[in-house]
Q: 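Below is a structure I'd like to ask you about.
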Amino acid sequence: AYTAGGGHVLAQLANHYGFGISKNAGALLFICLFGPSVLMRHTMLGKMNALFFFVMLGAYILLIATSSQDIQLELVMR
C-alpha cells in the first residue's frame with residue numbers, strides 16, 4: 001500500500017514538473033528512494049520519521065498561513 005500510494009504521489013509530482021512517468025515508474029522510484037530505509041537501524045528510522053513529521057507539520061502550518069485570508073469565520077462558526 002505504501003509503495004503504490006507513494007509511487008502515485010511521486011508520479012503526480014514528476015508529471016507536475018514536466019517529467020511524464022507512469023504510476024509503476026513512480027512506485028519503482030519510491031522503492032529506490034525509500035527502500036534502503038528498511039536496512040537502517042531503528043534509531044536512524046526514528047530520526048527519519050521525526051524529520052518527515054516536522055516537514056509535514058511545517059507544510060500544514062504553511063497551508064494554514066497562506067490560506068487564512070480565504071477562511072470565512074462566519075461559515076466556520078455555524
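Below, each value reflects all heavy atoms present in this structure, side chains not excepted, and no hydrogens, waters or symmetry copies.
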Q: When the side chains of residues 17-28 are checked against the rest of the protein, which donor-acceptor pairs come out under 3.5 Å, sequence neighbours left out?
A:
{"unit_1": "Ser22", "atom_1": "OG", "unit_2": "Asn24", "atom_2": "N", "d": "3.4"}
{"unit_1": "Ser22", "atom_1": "OG", "unit_2": "Ala25", "atom_2": "N", "d": "3.1"}

Q: Show every donor-acceptor pair shorter than 3.5 Å between a side-chain atom in residues 35-62 and any protein atom, with sequence neighbours excluded, or say none if there are none.
A:
{"unit_1": "Ser37", "atom_1": "OG", "unit_2": "Phe34", "atom_2": "O", "d": "2.5"}

Q: Let me have the donor-acceptor pairs involving side chains of residues 71-78, under 3.5 Å, with sequence neighbours excluded, atom names and distances please.
A:
none

Q: Taking side-chain hydrogen bond (donor to acceptor under 3.5 Å, both in side chains) as the cut-off, I'd like each qualifying pair that reaches into residues 4-13, sequence neighbours left out, listed once.
A: His8-Gln12
Q: Other members of the hydrophobic cluster containing Ile31, with the 4.5 Å side-chain heavy-atom rule, please.
A: none
